[in-house]
Every structure is written in C-alpha cells, then in structure tokens.
Number of protein chains: 2
Amino acid sequence: MEFEEAKTKFITTWGSLGSLWGINKAMAQIHALLMISPEPLSMEEIMEELQISRGNTSMNLRQLMDWGIVFKENKMGERKEYFTSEKDVQELARQIAKERSRRELQPTIKVLKEVSNIKTDGSKKSEELIKQTKALHELASTMDTFMNKLVHKEQNWMTKTLLKLIK
Amino acid sequence: MEFEEAKTKFITTWGSLGSLWGINKAMAQIHALLMISPEPLSMEEIMEELQISRGNTSMNLRQLMDWGIVFKENKMGERKEYFTSEKDVQELARQIAKERSRRELQPTIKVLKEVSNIKTDGSKKSEELIKQTKALHELASTMDTFMNKLVHKEQNWMTKTLLKLIK
DNA sequence: TTAAACTTTCAAAAAATATTGAAAGTTTAT
DNA sequence: ATAAACTTTCAATATTTTTTGAAAGTTTAA
C-alpha cells in the first residue's frame with residue numbers, strides 16, 4: 001500500500017467510525033484529514049480534498065471547534081483562515097471523554113436520578129422501575145466519575161493506568 | 001412524578017440515548033421497556049406499549065438478541081414467545097463492551113495497523129500519516145485491551161476497579 | 001465608502017435510515 | 001393434511017439527517 005491509498009483508507013475508516021458514535025461522516029473525515037496533515041489547511045483545501053461543499057465544510061469545522069479538537073489558525077499576512085487538529089492523541093481522547101460526558105452521560109444521569117426517586121406505590125412494576133433505574137444510575141455515575149478523572153489527569157495517565165489495570 | 005410518567009420518561013430518555021451511540025430508537029426503547037418489566041413480555045405487549053409495528057418489533061428484538069442483552073423465553077403451555085432483558089446492569093455493561101469492541105474497535109485497529117505500516121517515501125506528509133496512525137493504533141489497542149478485561153472479569157470488578165482508580 | 005476576499009447561514013434537495021404492513025414462512029394441535 | 005396461531009421478511013413509504021449552493025454577512029485594504 002502506498003501513501004495515497006493509505007491516506008484514503010484512513011480517512012474513510014475514520015469517517016464511518018465517527019458515524020457509529022454520533023458524529024457525522026463529513027465531520028469525522030475533516031478531522032481525519034487534519035489529523036494527518038503536517039500543515040494547517042484552508043477551507044478551500046479541505047473542500048477540494050474531501051469533495052464536499054463549502055457550507056458543509058464550514059458547519060462541520062465549527063462543530064469540531066465546539067468539540068475542542070480543531071482550531072483556527074491565521075497565517076501571517078493572509079486573510080484566509082487555516083485549520084489544524086489537536087495532534088496529541090491523549091489530549092484528543094481526553095477532550096472527547098469530556099464532551100461526551102457533558103453531552104450524553106450527565107443528562108442521562110439526571111433523568112435516572114429523577115426517575116429512581118419516585119416513591120413506590122407498592123406494585124411490583126414500580127418496585128422494578130425504581131430498582132433498575134437506581135442500578136443504572138449508579139453504573140452511569142461510576143463511568144462519569146471515571147471519565148472526569150481521565151480529563152483532569154496529567155499527560156499519559158490514561159495509558160499508564162489502563163496498562164497497569166490489565167496486568 | 002408518579003409511576004406512568006417516570007416510566008415514559010425513562011423509556012424516552014433511553015431511546016434517545018441509544019440513537020446517540022448507534023442503536024436505533026425503537027431498539028433502545030424495547031430494551032428500556034424490558035429492563036423495567038418484572039415479567040417477560042410478548043411481542044403483542046411490546047407493540048402495544050410502544051406503539052410500533054409488528055415488523056419493527058420483530059426486527060429489533062432480533063438485534064437485541066444478537067447483542068446478547070435480550071432473551072427469548074417460553075411460558076409453559078403457551079405458544080407465544082416472550083422476551084426478557086438482561087437485568088444485571090454489570091452484565092449489561094460487559095455485554096455492550098464486548099460487542100462494541102468486536103464491531104467497532106477491532107476493525108478500526110486492523111485498518112490503523114495496516115495504514116501505519118506503509119513504508120515512508122520520506123515526505124513530510126507520509127511521515128505524519130505514519131506517526132499519527134501509529135499513535136491512534138496504540139490508543140485504540142489500549143482501550144480494546146481494557147474493554148476485553150472488563151468482559152472477562154468476575155461480577156462487580158468494574159465498579160470496584162473504577163472506584164479504586166479514582167481515589 | 002467601496003469592493004474584493006473571504007465565511008456563515010439556511011431553505012431546499014438528496015441521501016440515509018427507520019418503519020410499516022401485508023404476504024410468506026413456521027410451528028403446533030388436531 | 002389442514003388450519004390456527006404465531007413470527008419473519010421485505011418492498012414500499014415515511015422520517016430523519018446530511019448536504020448543497022446561493023444569498024447574506026463580515027472583514028480588510030485601498
């Protein structure tokens with residue numbers, strides 16, 4: 001496999017992986033492209049490379065910036081805006097963990113807490129609802145705490161810890 | 001909040017959470033319903049409760065069984081099939097970790113390995129592609145190993161370990 | 001202030017995904 | 001063998017999500 005094929009394969013794979021965890025294909029592909037680009041890219045270059053429209057590029061770049069994994073960069077003396085991604089994969093993982101906790105886990109935990117706190121009417125059904133949502137609440141909270149620890153630890157903590165665990 | 005409201009809220013929330021990580025709404029709602037149902041439910045009952053068609057119910061139940069988190073159950077002397085979910089949340093988490101590893105992580109790892117093994121043509125671009133995909137490969141492998149450990153450990157290991165870690 | 005160079009927005013179109021429902025399939029009882 | 005009771009399949013339809021592209025917006029330079 002030579003460079004162009006490998007590049008395409010990486011971008012394509014990353015793109016479809018993305019759609020599996022809730023970010024769309026274009027967004028994941030833009031991220032993949034920036035991830036392996038040694039230099040910042042302009043909107044024009046991204047559109048060209050991925051064959052997507054200007055509007056699409058603009059909106060998805062914005063979302064990637066909201067996720068905190070892509071940044072604007074200005075080249076001296078140039079009007080055009082350039083974009084780079086977070087290149088450190090540890091930092092990338094940390095940022096994703098942080099955002100997913102905020103967007104998905106925390107709202108779910110809130111609902112589980114509310115639901116599990118209803119008072120039982122004594123029926124088997126309501127007992128089961130309470131029991132199961134309590135258990136899910138506990139599980140989700142544990143995971144959230146874990147992810148938040150990830151976010152705040154120093155460089156490399158994750159790999160070290162995970163490797164230690166699996167021994 | 002009383003029982004019916006709580007139940008609806010739980011099913012709805014679980015449904016939209018599901019769609020955020022790649023399983024569809026109906027599938028997640030069926031799972032939620034079974035999760036809090038003290039008794040196994042028939043297809044008829046599921047259709048009725050969630051207001052979805054027979055075909056939809058049938059297909060999604062099958063998928064849930066493929067994920068290993070819903071089971072068929074036969075009541076003595078009854079022709080109809082009944083369904084229950086895995087009720088133990090630890091086991092649920094374990095099963096989901098296992099399936100996600102198999103379906104998403106492992107194929108991605110395979111591609112990352114291939115791509116990161118191309119030989120450089122000396123250009124900055126190909127150096128960067130190799131460097132970044134190697135780093136992602138390492139990260140993804142670490143996570144996969146971690147998830148696989150989860151899957152094979154005894155009851156409760158996850159919570160204990162995570163709690164220990166975050167101290 | 002004007003205009004060129006660029007980016008963003010958003011309604012419409014396209015594409016992808018989920019859902020329906022009726023026909024086909026299966027199993028069990030008689 | 002037949003029919004009743006059930007489940008599965010799948011082409012058609014509906015819904016949701018993504019993408020487009022042109023108009024509106026913004027910034028900079030002269």
Side-chain angles (χ1 to χ4, degrees), chain A residues 11-34 40-67 70-85 103-104, chain B residues 11-34 40-67 70-85 103-104:
Chain A
I11 292 175
T12 309
T13 307
W14 207 243
S16 50
L17 185 74
S19 63
L20 271 167
W21 53 277
I23 79 174
N24 75 40
K25 199 180 64 169
M27 189 172 155
Q29 289 191 347
I30 294 172
H31 178 251
L33 178 61
L34 292 174
L41 299 178
S42 67
M43 225 164 83
E44 216 71 43
E45 291 167 319
I46 296 169
M47 288 165 59
E48 165 65 21
E49 188 92 48
L50 302 177
Q51 296 292 322
I52 56 180
S53 72
R54 189 174 295 285
N56 200 358
T57 308
S58 169
M59 289 173 108
N60 284 116
L61 278 170
R62 168 119 76 94
Q63 284 211 71
L64 285 164
M65 290 186 286
D66 290 348
W67 272 78
V70 161
F71 316 105
K72 258 187 197 159
E73 202 157 298
N74 284 84
K75 286 195 180 174
M76 273 192 352
E78 285 233 44
R79 185 115 139 222
K80 218 179 292 184
E81 292 174 323
Y82 286 81
F83 301 88
T84 354
S85 73
R103 293 168 195 229
E104 297 162 39
Chain B
I11 292 175
T12 309
T13 306
W14 207 243
S16 49
L17 185 73
S19 62
L20 270 167
W21 54 277
I23 79 174
N24 74 42
K25 200 179 64 170
M27 189 172 155
Q29 289 189 347
I30 293 172
H31 177 251
L33 177 61
L34 292 175
L41 299 178
S42 66
M43 224 165 83
E44 216 70 44
E45 290 166 321
I46 295 170
M47 289 165 59
E48 165 65 21
E49 188 91 48
L50 302 177
Q51 297 292 322
I52 58 180
S53 72
R54 188 174 295 284
N56 201 357
T57 308
S58 170
M59 289 172 108
N60 285 116
L61 278 170
R62 168 120 75 93
Q63 285 211 71
L64 286 164
M65 290 188 286
D66 289 348
W67 272 79
V70 161
F71 316 105
K72 259 186 196 156
E73 202 156 297
N74 285 85
K75 286 195 182 175
M76 274 191 353
E78 284 234 46
R79 183 118 138 221
K80 218 180 292 184
E81 293 175 322
Y82 287 81
F83 300 89
T84 356
S85 72
R103 293 169 195 227
E104 297 163 38

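Naming: A, B, ... by sequence-line order, numbering from 1 per chain.
In this entry the distance linking CG of Asn74(B) with P of dC6(D) reads 12 Å, nearest Å. dA5(C) atom P lies 13 Å from atom CD of Glu78(A), rounded to whole Å. Atom NZ in Lys25(A) sits roughly 9 Å away from atom C1' in dT18(D) (whole-Å rounding). A straight line from CD of Gln63(A) to C1' of dT17(D) spans 12 Å, rounded to a whole angstrom. For the pair Glu81(B) CD and dG25(C) P, the interatomic distance rounds to 18 Å; values are reported in whole Å. If you take CZ of Arg79(B) and C1' of dT27(C), they are 6 Å apart, rounded to a whole angstrom. The CD-P distance, from Glu44(B) to dA5(D), rounds to 12 Å in whole Å. Regarding Leu64(A), its CG atom lies at a distance of 16 Å from the P atom of dT7(C), rounded to whole Å.
End-to-end axis angle for the helix from dT1(C)-dA30(D) to dT30(C)-dA1(D), using five pairs per end and rounding to 10°, comes out at 10°.
Listed by residue number, the members of residues 52-62 of chain B with any heavy atom below 4.0 angstrom from DNA chain D are Arg54(B), Gly55(B), Ser58(B), Met59(B), Arg62(B).
When the nearest nucleotides of DNA chain D are assigned to Ser42(B) and Met27(A) by heavy-atom distance, the more 5′-ward of the two goes with Ser42(B).
With values rounded to the nearest 0.5 angstrom, Glu49(B) atom CD is found 11.0 Å from Gln29(B) atom CD. Here the straight-line distance linking atom CG of Leu50(A) with atom CD of Glu45(A) works out to 11.5 Å at 0.5 Å rounding. Taken to the nearest 0.5 Å, the CE atom of Met59(B) stands 12.0 Å off from the CE atom of Met27(B). Rounding to the nearest 0.5 Å gives a distance of 13.0 Å between CG of Leu34(B) and OH of Tyr82(B). The structure places CE of Met43(A) at 8.0 Å from CD1 of Ile46(A), a figure rounded to the nearest 0.5 Å.
Closest to the side chain of Asn24(B), out of dA18(C), dC6(C), dT8(C), is dA18(C).
You'll find the side chain of Lys80(A) stays beyond 4.5 Å of the side chain of Lys75(A), heavy atoms only. Asn24(B) is not listed as a side-chain neighbour of Asn56(B), based on a closest heavy-atom distance of 4.5 Å or more. A heavy-atom distance below 4.5 Å is found between the side chains of Phe83(A) and Lys72(A). Side-chain contact between Leu41(B) and Ile30(B) is absent, with no heavy atoms from C-beta onward closer than 4.5 Å.
OP1 or OP2 of dT8(D) lies within a sub-4.0 Å distance of a side-chain N or O belonging to Lys72(B).
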